[in-house]
2 protein chains.
Amino acid sequence: MNTLAEENYLKAIYHLTVNDGNAGTNSIASSLNTKASSVTDMLKKLADKALINYIPYQGVSLTASGQKVALGIIRRHRLWEYFLVEKLNFKWDEVHDLAEEMEHISSQQLIDRLDQFMGYPKHDPHGEPIPDCDGYFNHDELKLVSAAAINQTGVISGVCDHSPSFLQYLDKQELKIGSRITVTDIIDYDHSVTLQLNNKKIHISCEVANNILIANE
Amino acid sequence: MNTLAEENYLKAIYHLTVNDGNAGTNSIASSLNTKASSVTDMLKKLADKALINYIPYQGVSLTASGQKVALGIIRRHRLWEYFLVEKLNFKWDEVHDLAEEMEHISSQQLIDRLDQFMGYPKHDPHGEPIPDCDGYFNHDELKLVSAAAINQTGVISGVCDHSPSFLQYLDKQELKIGSRITVTDIIDYDHSVTLQLNNKKIHISCEVANNILIANE
DNA sequence: TGAAATTTTTAGATTAGTCTAAATTATTTA
DNA sequence: TAAATAATTTAGACTAATCTAAAAATTTCA
């Protein structure tokens, strides 16, 4: 099996490459709060284990087996988040760091039984899809609120920022996963957005609109 | 906080000293599958942190704060074992190694909510008492089957050996926690024991009788 | 296109935990 | 009670993961 440090590197590389395919040493270092020289050392180890494709000075990508490992970690992380929120009544802004610890318990049987116990949830509390035991998941067609047009309606289905302060702000505004909202106005000057939520008008900044995902209707 | 290795040492020292008060370097080494020299190194670290009383060549005992840490680990271990058996349908012979990993997730809040979620169980699946959040637990008055007299009746309330092979043997004999048994015969020659369980007579070896605990009626 | 800036790697050191082999202390027993 | 035996500690080395500082490669852009 892989060490804790190796798992954290694989997960970071997965998140950095899922959109643009290739990650650099510095971006990995900053996402793991470590130094570039430490990253270089680890990249060699991961390459020796055939978990990444690594060409010095050219960045890295995950191999098929590295991606499988990374998706396993992400599956565990999201299932534990779901467990913490749905079974132990944690709030969605409290579970990230805990799940970060729990995701490293590697028993496949444990995770599959946990999945069954919870009824095979499809999404974690932040709307992220949960990979199944083979690493597959539907990539939902979501759109940023900041990219929506006036009068567009949608259901909040995900958030990009998982920081407690952002999630607590959403709680205060009663913006949650599953809420149906309509974009009623977009201010040219600062790109801030006015939303209709039930009977309420809510005005959010461009930055906030940039971190909320809605499903098209 | 303490490292994983430190936690494992504290737990081992707790188990070795709970009856006889003092543990030697070699006994710690063999219970952790490591070498005496490694133990000596770690004992110095734990003594520096005031978690153990250590006098070179004289063995060790836990300090009050070391005991508190150890009981916290044991609480987590036993609660996870209960969770695995009662919620995820693992068998009692399958949970030890998994709980050994899970016990190192240190969030107090997680454990207290897990405890609440399960209804504050008093015993793990092997009958071991679960310390409360302050480290307290009732030390049940139990007796070994091997120490019982003929005609004595009791309820199986614990097992000393937690190995899968022993627990699977008990399953096969339908001897489980909660079963009421009566000692009907004790063979002088080999100290083996005959039990009455419901309508069934069961003959067990001295070794087995030495690992089953019953509560006096 | 070639110097400046940026990114990445290398070299050498550090820490936690472990090991083997040798030395030391404690215990047993003749 | 002194030698033999057993238990424990010390000395020195190793691995994984990290760091700082310096060197090398790549990219940028004037």
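Protein chains get the first letters and strands the later ones, always in sequence-line order, with residue 1 at the start of each.
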**Arg78(A) side chain to Pro129(A) backbone, donor-acceptor under 3.5 Å** = yes
**Message:** Can you tell whether the side chains of Lys11(A) and Glu100(A) come within less than 4.0 Å, N to carboxylate O?
**Reply:** yes
**Message:** Taking the minimum atom-to-atom distance to the side chain of Glu6(A), which one of dA17(D), dC19(D), dA24(D) wins?
**Reply:** dA17(D)
**Request:** Give the rounded distance in Å between these two atoms: CG of Leu43(B) and C1' of dG17(C).
**Result:** 13 Å
**Fill in**
From the candidates dT9(D), dG17(C), dT18(D), the one with an atom nearest any side-chain atom of Pro56(B) is dT9(D)
**Request:** Quickly work out the Lys49(B) NZ to dA16(C) C1' distance and round it to whole Å.
**Result:** 11 Å
**Lys35(B) side-chain N/O to dG17(C) phosphate OP1/OP2 under 4.0 Å** = no
**Message:** Just to be sure I understand the rule, does Ser38(B) reach a base, reach only the sugar-phosphate, or reach nothing, if contact means heavy atoms closer than 4.0 Å?
**Reply:** base
**Message:** I need the NZ-P distance between Lys45(B) and dT15(C), as an integer number of Å.
**Reply:** 12 Å
**Asked** Rounding to a whole Å, what distance do you find between Met42(B):CE and dG17(C):C1'?
**Response** 7 Å
**Request:** Name the closest nucleotide to the Ala5(A) side chain, picking from dG17(C), dT8(C), dA17(D).
**Result:** dA17(D)
**Message:** Heavy atoms from C-beta onward define the side chain here; which of dC19(D), dT25(C), dT8(C) lies closest to that of Tyr57(A)?
**Reply:** dT8(C)
**Request:** Considering just the side-chain nitrogens and oxygens of Lys44(B), establish if one lies under 4.0 Å of OP1 or OP2 belonging to dT9(D).
**Result:** no
**Fill in**
To the nearest angstrom, the CD1-C1' distance between Ile28(B) and dA7(D) comes to 13 Å
**Request:** Round to the nearest Å and state the distance from Asp41(B) atom CG to dT18(C) atom P.
**Result:** 9 Å
**Sugar-phosphate only, base, or nothing, as touched by Ala36(A) at under 4.0 Å among non-hydrogen atoms** = base
**Request:** Please evaluate the base of dT20(D) for a donor-acceptor partner in the side chain of Ser37(A) within a cut-off of under 3.5 Å?
**Result:** yes
**Request:** With Lys87(B) as the cation and Tyr82(B) as the aromatic partner, state whether NZ or CZ is under 6.0 Å from the six-membered ring centre and within 45° of the axis.
**Result:** no
**Message:** Does Gln109(B), at its CD atom, have more than 12 non-hydrogen atoms belonging to other residues, nucleotides or ligands within less than 6.0 Å?
**Reply:** yes
**Request:** Let me know the distance between CG of Leu32(B) and P of dG17(C), rounded to the nearest Å.
**Result:** 13 Å
**Request:** Provide, to the nearest angstrom, the distance between the CG atom belonging to Leu4(A) and the P atom belonging to dA16(C).
**Result:** 17 Å
**Prompt:** Taking for each residue the nucleotide of DNA chain D with the nearest heavy atom, is it Asn33(A) or Tyr54(B) whose nucleotide lies nearer the 5' end?
**Reply:** Tyr54(B)
**Request:** Say whether, by atom type as modelled, one donor and one acceptor occur between the side chain of Asp161(A) and the main chain of Ser163(A) under 3.5 angstrom.
**Result:** yes
**Message:** Is there a side-chain contact between Asn26(A) and the phosphate of dT6(C), meaning an N or O under 4.0 Å from OP1 or OP2?
**Reply:** no
**Message:** With a cut-off of less than 4.0 Å, is there a side-chain N or O of Tyr9(B) near OP1 or OP2 of dA16(C)?
**Reply:** no
